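One structure is given here, and the rest of the page talks about it.
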Protein chains: 2
Amino acid sequence: MLSRKTKYGFKALSFLARREDNEPVQIEVISKAENISQKFLESILLTLKKAGYLGAKKGKGGGYYLLEKSRNTPIAAFYRVLEGPIAMVPCVSLNFYEKCEDCPDEDLCSVHNLMIQVRDNTLSIMENTSLSDFVKNQLT
Amino acid sequence: MLSRKTKYGFKALSFLARREDNEPVQIEVISKAENISQKFLESILLTLKKAGYLGAKKGKGGGYYLLEKSRNTPIAAFYRVLEGPIAMVPCVSLNFYEKCEDCPDEDLCSVHNLMIQVRDNTLSIMENTSLSDFVKNQLT
DNA sequence: TATTATCCTATCGATTTAGTAGAGTTTGCA
DNA sequence: TGCAAACTCTACTAAATCGATAGGATAATA
């Protein structure tokens with residue numbers, strides 16, 4: 001299941017993408033518009049900024065804004081920053097690979113092979129959807 | 001990410017499916033073969049039994065065995081018993097639906113619509129894979 | 001310099017996860 | 001009948017994670 005962190009992050013990104021101008025928006029505005037706890041959202045936006053997807057401006061008239069490149073960044077990238085691996089088991093993760101200590105042979109493991117299929121399908125969606133798709137389809 | 005409970009459950013089911021005879025197998029045998037903590041596996045197998053997928057026999061020569069129908073039961077069913085909803089958010093779950101309290105309109109929600117796609121793709125895999133497929137492909 | 005708004009660290013309660021302990025119950029067999 | 005084998009059930013626990021809150025530090029603006 002998706003954590004609230006990721007869900008809120010997606011909604012905040014979607015909110016910022018819907019504004020054509022990339023003017024800074026205060027955390028408070030986003031949190032009220034999307035019904036998100038302000039302090040929690042604060043830490044989420046900071047994470048996205050540190051990851052290089054958002055810009056921020058301090059002081060009056062400040063806030064967070066979408067960096068231009070983020071409009072066409074696949075959702076998969078945001079997901080990895082907020083939630084972690086897209087794969088359901090570390091042994092099929094492309095970006096966070098880890099061997100299972102209990103499994104002698106990955107190629108013969110039923111779970112491994114099933115989860116590769118799931119990963120590939122999920123990836124194909126998340127790599128081919130961007131914030132601009134959300135805007136295009138009027139999604140909030 | 002998949003919990004160990006689900007992963008272990010899948011491996012135990014796969015183990016039982018590989019035996020053509022549906023003779024009872026002791027927990028200890030499965031736990032050693034698959035490198036799973038015996039007591040933990042105990043509770044997992046009990047869950048699967050209560051859900052109607054495994055049979056059990058007490059006393060000498062007892063153990064757990066696969067019910068015949070379970071061979072062709074889709075993995076999705078086992079997943080729901082062990083892990084819960086397949087959907088990544090409750091508002092797109094078919095079997096565990098819940099409305100998001102923060103979301104005014106599901107049809108316009110970017111997260112909702114994205115997760116419907118993910119769910120449908122994951123479902124198509126999990127509904128079309130069974131234990132007999134594992135056996136067929138020699139997967140442990 | 002006062003105000004505004006992000007940045008950062010620390011903490012917290014509740015829940016979940018991955019087990020462990022141990023007694024109870026049923027079955028097979030001598 | 002009685003013992004041993006093996007599942008059944010309840011309860012407990014340590015550790016991690018989640019969702020959130022508190023409060024001060026820092027930077028930008030007027």
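Since the model is a prediction, treat every value here as computed from it, not as a measurement. Order of the sequence lines fixes the chain letters, A, B, ..., with proteins taken first and strands second; residue numbering starts at 1 for each chain.
- At a non-hydrogen distance threshold of 4.0 Å, B/Ser37, B/Lys39, B/Phe40 from residues 33-40 of chain B come into contact with DNA chain C.
- Side chain of B/Tyr64, nearest nucleotide from D/dA20, D/dT8, D/dT29: D/dT8.
- A salt bridge between B/Glu101 and A/Lys7 is absent, with no side-chain N of the basic residue lying under 4.0 Å from a carboxylate O of the acidic one.
- In terms of phosphate contacts, B/Lys58 brings no side-chain nitrogen or oxygen within less than 4.0 Å of OP1 or OP2 of C/dG24.
- Regarding contacts with the backbone of C/dA18, every side-chain N or O of B/Tyr8 stays at 4.0 angstrom or more from both OP1 and OP2.
- The shortest distance between the side-chain N/O atoms of A/Lys5 and the OP1/OP2 oxygens of D/dA20 is not below 4.0 Å.
- Under the 3.5 Å distance criterion, the side-chain polar atoms of A/Asp133 are matched with a main-chain donor or acceptor of A/Ser130.
- A donor-acceptor pair under 3.5 Å links the side-chain atoms of B/Ser70 to the main chain of B/Tyr53, judged by distance alone.
- With salt bridges taken as basic N to acidic carboxylate O contacts below 4.0 Å, one links A/Arg80 and A/Glu127.
- Between B/Glu98 and B/Ser93, the side chains place no donor N or O within less than 3.5 Å of an acceptor N or O (distance only, hydrogens not considered).
- Within residues 77-84 of chain A, no residue places a heavy atom under 4.0 Å from DNA chain C.
- A/Leu45 places its CG atom 15 Å from the P atom of C/dA5, with the value rounded to the nearest Å.
- Distance A/Leu2 CG to D/dT17 P: 17 Å, rounded to the nearest Å.
- Between B/Arg71 and B/Asn22 the shortest side-chain heavy-atom distance falls below 4.5 Å.
- To the nearest 0.5 angstrom, B/Asn113 atom CG is 10.5 Å from A/Thr129 atom OG1.
- Rounding to whole angstrom units, OH of residue B/Tyr65 and P of D/dC7 are separated by 12 Å.
- In this structure, the NZ atom of A/Lys50 is 15 Å from the P atom of C/dT6, given to the nearest Å.
- Of the side-chain N and O atoms in A/Lys60, none sit less than 4.0 angstrom from OP1 or OP2 of D/dA27.
- With rounding to the nearest 0.5 Å, the separation of CD in B/Glu42 from OG in B/Ser31 is 9.5 Å.
- Listed in residue order, the members of residues 11-31 of chain B having a heavy atom less than 4.0 Å from DNA chain D are B/Val25, B/Gln26, B/Ile27.
- To the nearest 0.5 Å, atoms OH (B/Tyr64) and CG (B/Leu41) are separated by 8.5 Å.
- Distance B/Leu41 CG to D/dT8 C1': 14 Å, rounded to the nearest Å.
- The main-chain N or O of B/Thr140 is found under 3.5 Å from a side-chain atom of B/Arg18 such that the two form a donor-acceptor pair.
- In this structure the side chain of B/Val25 reaches within 4.5 angstrom of the side chain of B/Phe15, judged on heavy atoms.
- With the nearest nucleotide of DNA chain D identified for both A/Arg4 and A/Lys57, A/Arg4 has the one nearer the 5' end.
- Comparing atom distances between the B/Leu46 side chain and each of D/dG19, C/dG19, D/dC9 picks out D/dC9 as nearest.
- A 4.5 Å side-chain heavy-atom check between A/Lys5 and A/Ser43 finds every atom pair outside the cut-off.
- In this structure, B/Glu42 atom CD and C/dT20 atom C1' are separated by 10 Å, rounded to whole Å.
- Across all strands, B/Lys7 comes closer than 4.0 Å to no nucleic acid atom at all (heavy-atom distances).
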